[in-house]
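Worksheet: the structure to be examined is printed underneath.
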Amino acid sequence: MLSVGQFFSRHTASVFISLSTVSIAAIAADPGFFLGGLLFAGTYAPSTALLKHRQKKKVRQIAGITKEEYKLIETQLKAANKNIQTLSQNYLRVRSVSAFKQLIEMTRISKNIVKMVKADPRKFYNVEQFFYAHLPSAVELTEKYTMLSKQPVKDKEIQITLSKTRETLTDLNDTIQIDLKDALSNDIDHLQMEIEFANRSNSRRKEQLEWRGDDK
């Protein structure tokens with residue numbers, strides 16, 4: 001759940017720490033190129049691991065979740081990214097324009113949900129079923145649909161199965177859109193409260209200006 005910015009910041013800090021350590025050692029004992037390289041590597045790896053640990057701890061504290069919850073959400077995010085990658089790989093395998101468009105839409109929405117949960121791990125609990133059921137089902141059905149659509153034989157049974165699969169994928173796409181709304185629910189509630197507060201403040205301000213105008 002750490003961002004790209006956090007990745008670069010911890011590695012940049014580790015390089016600085018390692019270079020500083022080697023420089024101090026060079027002044028004090030002149031370890032030489034080989035030992036200096038070992039000292040750099042020996043400092044770089046632990047400092048990077050420590051900084052990563054501190055970054056994760058900070059994320060947990062801000063989100064208000066436990067270490068176990070963090071690990072669970074992190075695992076689900078990794079699994080979701082793999083599922084989204086699988087969906088993307090099926091773009092050119094489907095042989096229906098409507099299925100192709102549907103797959104792109106499903107992938108786009110799924111990426112948005114994952115991105116929001118990564119930014120705010122608490123949102124995971126608003127969309128648990130997306131990670132546990134909806135996205136995995138979409139991937140499984142898409143895989144089976146592409147497999148069947150490529151078969152040279154298209155008898156009535158296969159055609160019926162393909163049609164039912166498309167209908168189910170349509171329903172799943174609608175469900176994933178609802179998941180997106182659930183992920184946004186807290187933000188929408190907060191925004192509505194901000195709007196209500198701003199409207200009340202504006203109303204009071206107008207009343208004050210009108211009252212002052214009446215007094216003149």
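The figures here come from the full heavy-atom set of this structure, side chains too, leaving out hydrogens, waters and symmetry mates. The model shown is predicted, which means the values in this text are computed figures rather than measured ones.
A salt bridge does not link Glu105 with Lys101: every distance from a Lys NZ or Arg NE/NH1/NH2 to an Asp or Glu carboxylate oxygen is 4.0 Å or more.
In this pair, Phe124 and Tyr132 present their aromatic rings perpendicular. The plane angle is above 60°, beyond the 30 to 60° band.
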- [ ] Please report the C-alpha distance between Gln177 and Lys181 in whole Å, then the side-chain angles of each, then the deciding distance to 0.1 Å, and finally whether the side chain to side chain contact (heavy atoms under 4.5 Å, CB included) criterion is met.
- [x] CA-CA 7 Å; Gln177 289 183 26; Lys181 292 179 182 178; 5.6 Å; no
TODO: Step by step, work out the side chain to side chain contact (heavy atoms under 4.5 Å, CB included) result for Leu169 and Leu103.
DONE: CA-CA 9 Å; Leu169 282 171; Leu103 194 56; over 6 Å; no
Open item on the list: side chain to side chain contact (heavy atoms under 4.5 Å, CB included), that's the test. Do Phe130 and Leu180 meet it? Break it down for me.
Closed with: CA-CA 9 Å; Phe130 166 79; Leu180 178 61; over 6 Å; no
TODO: Begin with the C-alpha distance, continue with both residues' side-chain angles, and end with the deciding distance and a verdict on side chain to side chain contact (heavy atoms under 4.5 Å, CB included) for Leu162 and Thr165.
DONE: CA-CA 5 Å; Leu162 285 170; Thr165 305; 5.6 Å; no
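Heavy-atom neighbours of Gln61 CD from other residues, nucleotides or ligands within 6.0 Å: above the threshold of 12.
Nearest approach of Tyr145 to Arg166, heavy atoms of both residues: OH-NH1, 3.2 Å. Nearest heavy-atom pair, Ala138 versus Thr142, reported as atom, atom and distance to 0.1 Å: O-OG1, 2.6 Å. Residue Glu69 comes nearest to Thr66 through the heavy atom pair OE1-N, 2.8 Å, listed as atom of the first residue, atom of the second, then distance. Annotation for Ile65 and Pro121: closest pair CD1-CB, 3.8 Å, computed over non-hydrogen atoms. Taking all atoms of both residues into account, the shortest heavy-atom contact from Ile176 to Ser110 is CG2-OG, 4.2 Å.
If you chain together hydrophobic residues whose side chains sit under 4.5 Å apart, Leu87 and Leu148 fall into the same group. Note: the hydrophobic cluster containing Tyr125 also contains Met116 (ILVMFWY, side chain heavy atoms under 4.5 Å, direct or indirect links). By the criterion of side-chain heavy atoms lying less than 4.5 angstrom apart, applied directly or through intervening Ile, Leu, Val, Met, Phe, Trp or Tyr residues, Val97 is not grouped with Ile104; the two fall into different hydrophobic clusters. Residues Ile160 and Ile158 do not share a hydrophobic cluster, clusters being chains of Ile/Leu/Val/Met/Phe/Trp/Tyr side chains in contact below 4.5 Å.
Looking only at distances, no side-chain donor or acceptor of Ser163 sits under 3.5 Å from a matching main-chain atom of Gln159.
Rounding to the nearest 0.5 Å places CD1 of Ile178 at 11.0 Å from CG of Leu172. Taking CG of Asn83 as the start and CG of Leu135 as the end, the distance is 4.5 Å to the nearest 0.5 Å. The structure places CG of Asn81 at 7.0 Å from NZ of Lys118, a figure rounded to the nearest 0.5 Å. Asn90 contributes atom CG, which lies 4.5 Å from atom CD of Glu143 (distance to the nearest 0.5 angstrom). A distance of 8.5 Å separates CZ of Arg60 from NZ of Lys71, quoted to the nearest 0.5 Å. Here the straight-line distance linking atom CD1 of Ile109 with atom OG1 of Thr175 works out to 10.5 Å at 0.5 Å rounding.
No side-chain N or O of Gln129 forms a donor-acceptor pair with one of Asp179 less than 3.5 Å apart.
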